[in-house]
2 protein chains.
Amino acid sequence: MSFSDTLNELVQFSEAELHDILNHFTMKSVSKNEILVKQGEICKYLYFVEQGMGRSYYLNDNQKEITQWFFGTGKFMSSADSFFQKKPSLYYLEVLEDSVLFLISKENLERLFSKYPKMEKLGRLVITEMLTNVFNKLNAIQFQTARERYDYMLAEFPDIAYQVPLGHIASYLGMAQETLSRIRSQDSIN
Amino acid sequence: MSFSDTLNELVQFSEAELHDILNHFTMKSVSKNEILVKQGEICKYLYFVEQGMGRSYYLNDNQKEITQWFFGTGKFMSSADSFFQKKPSLYYLEVLEDSVLFLISKENLERLFSKYPKMEKLGRLVITEMLTNVFNKLNAIQFQTARERYDYMLAEFPDIAYQVPLGHIASYLGMAQETLSRIRSQDSIN
DNA sequence: ATTTATTTTTGACCTATATCAAAAAGTGAT
DNA sequence: ATCACTTTTTGATATAGGTCAAAAATAAAT
């Protein structure tokens, strides 16, 4: 589903509105492993993943990368707090495969917000959906076994689960990568 | 800090605006252990905790209560997804001590949103703050020891940590209540 | 095509924390 | 003040999953 379809599904826009809104975004092709934002930098753009996927991650005390979130095709990707509050980002934002993104600056987004009240609603929808998803992950992580967490991953990100390095998924799920490897090998037996 | 002070701190309002906004809310006193929303019901109101505290929780497969979030004085409390999307709530909302709340229906809130664009901004601020907090908890839970999680709790909810039953905190932190009890008894030795 | 680097798998061992059970402490109601 | 009920603590035991180390499989580079 294209960007404009996604927008239109969330809130009904006219052709002209949609056209104008699209014009506030910039399309960008980025290649695999490109870093969009570094920890400590301000996240200047909100991205829409038209095609491809990305992740956010941080470095823990042992400098190990911990994946915080995956952003698949059709999702908005950003370091939300950094973007909206103009604070240094706690996370890296990385593209995991060659991707096409639409990006918008905070200033332009604000312009859209004031021009189209419906955009405010769209913003609220997108961010509450994100909040719900994060709570879901929290519930999965909080009390479930490694096996169950992986099942959650398969359900939540079926497209992503098989396309990114094992280690990224393991850290996302809060387990050692050896554990995830063992879980997967169990699966392939049955 | 009172409700109007909190609003004013997030976004600057005039006296008249503030007065009008306040008028869209209803003040309500609720007593300890009162349930505001049950799992499966639609959460009809957004609450501001003027005084007191509450929590959201759900029942796991063994019918055990799992605390999902604490809402202290000065915070907005709701089952966000249910409230904004009018979907059945996945969570109970409970008041943990005699409290004073300001509540508003979705319809009234929408009215405020369209009347005061600044309210939209406030809404965005509140919800991105929530999102940040949930991500923080996720990071704490994902890879930290029971001891470290409890430290996170003390840092994040210092007021709440000593005022609610141990079991609520343990489930919030994703550990057995026996474990939390042992952590605390370690503390009191030193 | 080889070599080099990266990622995944497998094995052995260990530890943090869960679970089960029972005692102790605390709280509320009559 | 006593009884009933709830919450917290303590002890003993079990286990899921972490850690360390090395081998195997993949992928990337020359």
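Protein chains get the first letters and strands the later ones, always in sequence-line order, with residue 1 at the start of each.
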Is the positively charged end of K137(A) above the ring of Y172(A), judged by distance under 6.0 angstrom from the centroid and angle within 45° of the axis? yes
Should the pair R149(A) and Y152(A) be classed as cation-pi, given the thresholds of under 6.0 Å to the six-membered ring centre and 45° from the axis? no
Report the distance from atom [atom1] of [X] to atom [atom2] of [N], rounded to the nearest whole Å.
| X | N | atom1 | atom2 | value |
| --- | --- | --- | --- | --- |
| I169(B) | dT8(D) | CD1 | C1' | 12 Å |
| R149(A) | dG17(D) | CZ | C1' | 9 Å |
| F143(B) | dA16(C) | CZ | C1' | 15 Å |
| R184(A) | dT7(C) | CZ | P | 14 Å |
| Q142(A) | dA18(C) | CD | P | 12 Å |
| L173(A) | dA16(D) | CG | C1' | 16 Å |
| E178(A) | dC14(C) | CD | P | 17 Å |
| K64(B) | dA18(C) | NZ | C1' | 10 Å |

Does S185(B) have a side-chain nitrogen or oxygen under 4.0 Å from the phosphate oxygens OP1 or OP2 of dT8(D)? no
Can you tell me which nucleotide in [options] comes closest to the side chain of [X]?
| X | options | result |
| --- | --- | --- |
| T179(B) | dA21(D), dG18(D), dT17(C) | dT17(C) |
| S181(A) | dT8(C), dT17(C), dG18(D) | dT8(C) |
| Q177(A) | dA18(C), dT8(C), dT10(D) | dT8(C) |
| M175(B) | dA21(C), dA18(C), dT9(C) | dA18(C) |
| L166(B) | dC20(D), dT9(D), dT7(C) | dT9(D) |

Does a side chain donor of either S56(A) or Q68(A) reach within less than 3.5 Å of an acceptor in the other side chain? yes
Hey, is the side chain of R182(A) pairing donor to acceptor with the base of dG18(D) inside 3.5 Å? no
What orientation do F102(A) and F48(A) show, parallel under 30°, tilted 30 to 60°, or perpendicular over 60°? tilted
K38(A) atom NZ: more than 12 heavy-atom contacts under 6.0 Å: no
